[in-house]
Amino acid sequence: WRALVQYHKTIGRDRFLRREEREGAIWWHFEKHIVVYALAPTCATVPAGCACADMEGQPLLADGSLAVSGAPIYFSH
């Protein structure tokens with residue numbers, strides 16, 4: 001439930017742009033955010049200038065890449 005609430009708070013009415021698969025993860029691109037998700041453990045490169053948060057909105061510290069596995073990660077422009 002908390003993950004769904006966070007999704008609506010983060011994405012809200014942000015317009016969907018495209019979906020892509022790279023780095024072993026699925027990337028959903030919106031106007032102001034990117035949601036990254038993977039079923040199998042992988043690492044995703046953090047886009048330049050983006051803040052990172054977990055599925056409940058807690059900030060994540062990243063040094064260029066983040067582990068992704070089973071829970072969405074939000075990148076905000």
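Count residues from 1 along the sequence. Predicted model, so just to flag it, every value in this text is computed and none were measured.
Residues in residues 64-77 take part in no salt bridge (charged side-chain N to carboxylate O under 4.0 Å, His left out) pair, two or more places apart or across chains. Among residue pairs with one or both ends in residues 31-52, those qualifying as salt bridge (charged side-chain N to carboxylate O under 4.0 Å, His left out) are Arg15-Glu31; sequence neighbours excluded.
With values rounded to the nearest 0.5 angstrom, Asp54 atom CG is found 8.0 Å from Ile73 atom CD1. In this structure, the separation between CZ on Arg2 and CD on Gln58 is 9.5 Å, given to the nearest 0.5 Å.
Evaluated for a side chain to side chain contact (heavy atoms under 4.5 Å, CB included) with Cys52, the options Leu61, Ile34, Val46, Val36 yield exactly one hit, Val46.
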Item to complete: Given side-chain contact (heavy atoms from CB on, under 4.5 Å), test Cys43 with Leu66 step by step and report yes or no.
Response: CA-CA 5 Å; Cys43 286; Leu66 279 174; over 6 Å; no
Discussion item. Evaluate Thr42 against Ser69 for side-chain contact (heavy atoms from CB on, under 4.5 Å), listing each step before the verdict.
Written reply: CA-CA 7 Å; Thr42 189; Ser69 177; over 6 Å; no
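In terms of hydrophobic clustering, with Ile, Leu, Val, Met, Phe, Trp and Tyr side chains grouped at heavy-atom distances under 4.5 Å, Leu60 and Met55 are assigned to different clusters.
A 4.5 Å side-chain heavy-atom check between His29 and Glu20 finds at least one atom pair inside the cut-off.
A donor-acceptor contact shorter than 3.5 Å links the side chain of Trp27 to the backbone of Arg22. Counting only distance, with no hydrogens or angles, the side chain of Thr45 and the backbone of Ser65 share no donor-acceptor pair below 3.5 Å.
Taking Ile, Leu, Val, Met, Phe, Trp and Tyr as hydrophobic and joining them when side-chain heavy atoms fall under 4.5 Å apart, one finds Phe16 in a cluster with Tyr7, Ile11, Ile26, Trp28, Phe30, Val35, Tyr37, Leu39, Tyr74.
Of all the heavy atoms in His33 and His77, the pair that sits closest is N-CD2, 3.6 Å.
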